[in-house]
Participant: 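To start, I am sharing the structure in question, which I have written as structure tokens.
Values in this document were obtained by computation on a predicted structure and should not be read as measured data. Throughout, numbering of the chain's residues begins at 1 and tracks the sequence.
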Amino acid sequence: MVTCHLQSFWVLFLAVSLYFAHTTSTSHVYIVYLGINQFHDPILTSKFHIQVLSDAFASEEDAKRSILYSYSNSFSGFSAKLNSSQATILARIDKVVSVFRSKTLKLHTTRSWDFLGLTLDETRVTPMEFTNGQDVVVGIFDTGVWPESESFQEKPGMRPIPSSWKGVCVEGEKFEPAKACNRKLIGARYYLKGFEQEYGPLNMSGNPEYRSARDFLGHGTHTASTAAGSIVKNASFFGIGQGTARGGAPWARVAVYKICWGINGVGSCTEADILAAFDDALHDGVHVISASFGATPPLSPFFASSADIGSFHAMQLGITVVFSAGNDGPEPSLVQNVAPWSLCVAASTIDRSFPTEIVLDRNFTIMGQSIISKEIKGRLANAITYFVDGVCSLGNWNKKLATGRVVLCFYTPGLVYEIAQVAVKTAKGLGLIFAEPFTKPIADVDDDIPTLHVDINQGTIIGNYLAESLKLPVVQISPSKTIIGKSPAPTVVYFSSRGPSSISPDILKPDITAPGINILAAWPPQTPPTLQPSDDRLVRWNFQSGTSMSCPHVTGVGALLKSVHPGWSPAATRSAIMTTAYTRDASHDSILAGGSMAGSTPFDMGAGHINPLKAMDPGLIYDMKTSDYILFLCNMGYTQERIERIVLPSPGVDTNCKNMHGPNANINYPSISVPNLRSPITIKRTVRNVGCGKKTTVYFGVAKEPDGVEVVIWPRVLIFSPSKQEISYYITLKPLKKSEGRYDFGEIVWSDGFHHVRSPLVVLVNNSDDFTM
């Protein structure tokens, strides 16, 4: 355990980050975090912030001019324009928990709910589903909302807005609260100060945006409707994927917090704005927050991250925060948003595919994957005709035009299909057939430069046909079709960020996987589906892919669980989602890991694929209170003084790290991760029976052992009664092999014959230097 005082660490961390600022005269936006709100009065808190900030300025007036936000509703802190010397001065003040520069985070850019088992068929619905999240408020941190979308219209029978709601709809450009908001969309705010300090005034000429909560990029509209959109029939993308669209909790209320703004079609979200949204949302009264953004590792310390600070205070108030894992896979250790007090979501496929027929010379047919709404006719051409060495990139273009040609390009390391699209489009090509490894072909909305995805084998067949043809073959590509239930699903997508966590490997991340590929959801009708200026199509529904899309699926389930179990803590919600997840696909085989041809591990999918119906009745839960995270904070090096500043005071809460013993593996998390097993250790877990509490219930424990590790559970039988609903058990792990740098996987399962409460077990035996039998 680290016991040294953290103040020197924060000064060192700040000094390292400031090294790249070069001069003390250059000002940047910094966040000064002060922990819990000691004054419980926003006005007094804001005055206190000015007082603290004045220590770094010549006058109080200069301090007031510097400040962007005073975070004074749900916790205490502020963001201000500072130079490196001023930031260092503030970091040395005793009352300050951390000072860090506001970074820019990026977004992690229908049928999915049927695939998850949440049906609209009343003959198949379970009683718990009838609530559909009523009176639960879902907060969406994203690019805003298109309020006129059918997904955000109140439906007949919606009750009045809950009296606990304190939020507002803020007026702005083309956003009139009286018209935009209703009993469904009950809150809309926007945050621009941090963005404009970083990038200058919002440029709306040539870079479409709205200075309001109205969405242009479409990402926020899409995620909000996925999580909690109203039921809308006959949704489709030009007839593709037609069906009934709705969110996971279609009766839940939606509150939008616009924190991400478009720069050339890319959503950028500054930490100063993100923390301001957390400060408001926690005060407004949201119950679940969906946040599909992050930053690629290296990861910042937990309390030098706006997402981790905001979600920690949300957890203390009983608010579940769901984050996306990131799109940096399939390499390991690039997972983002890894704090143990929030949920981290990977992305996987559903059982819907979009086969697209390719016909050559009217006598040879092959099937690819795409989302194409119009027929394409032209001539098939080899990439080598237009690109040096046949590598389809702008740098290799030989300036020959590919007019009227559908170009066959092959994947090479570092060449993703988006690069090939730009290259073929620049060469005036008619379309692109992109051949890539078997694990990668995924359909996308590519009509801007129509793109067919085929695997390497198919591409080789097409290439050989082309080589044997005396003249360029005529190619005809048909509009895509929608097929359900014919493809193996789910499969973890190759780009979904993988574990282990690079900052806390003893907490398994991601936690769960959920649908994130070709999700059809609401879209701003004035925004092209590809965001390309040359795309003149207008749609109300669009396909999007990424962990950005899997995140709101889990958010929607979280809203349902909050409605069914209003007294559950965020940890209980997370436990129910994780311990009821499944690890087999629809064919009862192991869930595949995209990017390889092997089965997924917990580093790919966490506990497995989300199962909403099972999560509503998990049997047992691993619960945690704020006090249970203190062991983790102590092990991460936080002192009692700093922990007291960030933890809400509560009777019986001990913040003294001298009284905290054991590794982070002892935190009552629903998964178990031991990244450095050298000798036998014993780990404790506590479960609570949330099933039928009026009779005696017996659970039996079974362990699937990781390779080379002996696992002993004691006791192996848990007997719950009306007077005894919470029981602890112990797991002893003993290495039986000599190993180094290799993770092995197992699981712990408790069952009463109906419930199966499963916890992933991840162990790295690290004893090659001192192994003895």
Participant: Walk me through it: do His313 and Tyr33 pass the test ring pair (Phe, Tyr, Trp, His ring centres under 6.0 Å)?
Facilitator: CA-CA 12 Å; His313 287 280; Tyr33 173 53; 5.7 Å; yes
Participant: Would you check if Arg189 and Val256 make a side-chain contact, meaning some heavy-atom pair closer than 4.5 Å?
Facilitator: no
Participant: Does the side chain of Gln336 reach to within under 4.5 Å of the side chain of Phe293, using non-hydrogen atoms?
Facilitator: no
Participant: Name every donor-acceptor pair, under 3.5 Å, that has one atom in a side chain of residues 567-575 and the other anywhere in the protein, sequence neighbours excluded.
Facilitator:
from	atom 1	to	atom 2	distance (Å)
Ser569	OG	Ala571	N	3.4
Ser569	OG	Ala572	N	3.1
Ser569	OG	Asp623	OD1	2.4
Thr573	OG1	Ser569	O	3.3
Arg574	NH1	Pro340	O	2.6
Arg574	NH2	Tyr629	OH	3.2
Ser575	OG	Tyr622	N	2.8

Participant: Do Leu561 and Ile577 come close enough that some side-chain heavy atom pair is under 4.5 Å?
Facilitator: yes
Participant: So do Leu275 and Phe75 actually touch side chain to side chain, heavy atoms under 4.5 Å?
Facilitator: yes
Participant: Examine Arg540 relative to Trp523 and say whether NZ or CZ is less than 6.0 Å from the centre of the six-membered ring and inside a 45° cone about the ring axis.
Facilitator: no
Participant: Using a 6.0 Å distance limit plus a 45 degree cone around the ring axis, check whether Lys614 lies over the aromatic ring of Phe754.
Facilitator: yes
Participant: Any cation-pi pair here, Lys193 with Tyr69, using under 6.0 Å and within 45°?
Facilitator: yes
Participant: Other residues, nucleotides and ligands only: do more than 12 of their heavy atoms fall within 6.0 Å of NZ on Lys155?
Facilitator: yes
Participant: Side-chain donor-acceptor pair under 3.5 Å between Thr555 and Ser290, yes or no?
Facilitator: yes
Participant: Looking at Pro162 and Asp135, what are the two nearest heavy atoms and their distance?
Facilitator: CG-OD1, 3.9 Å
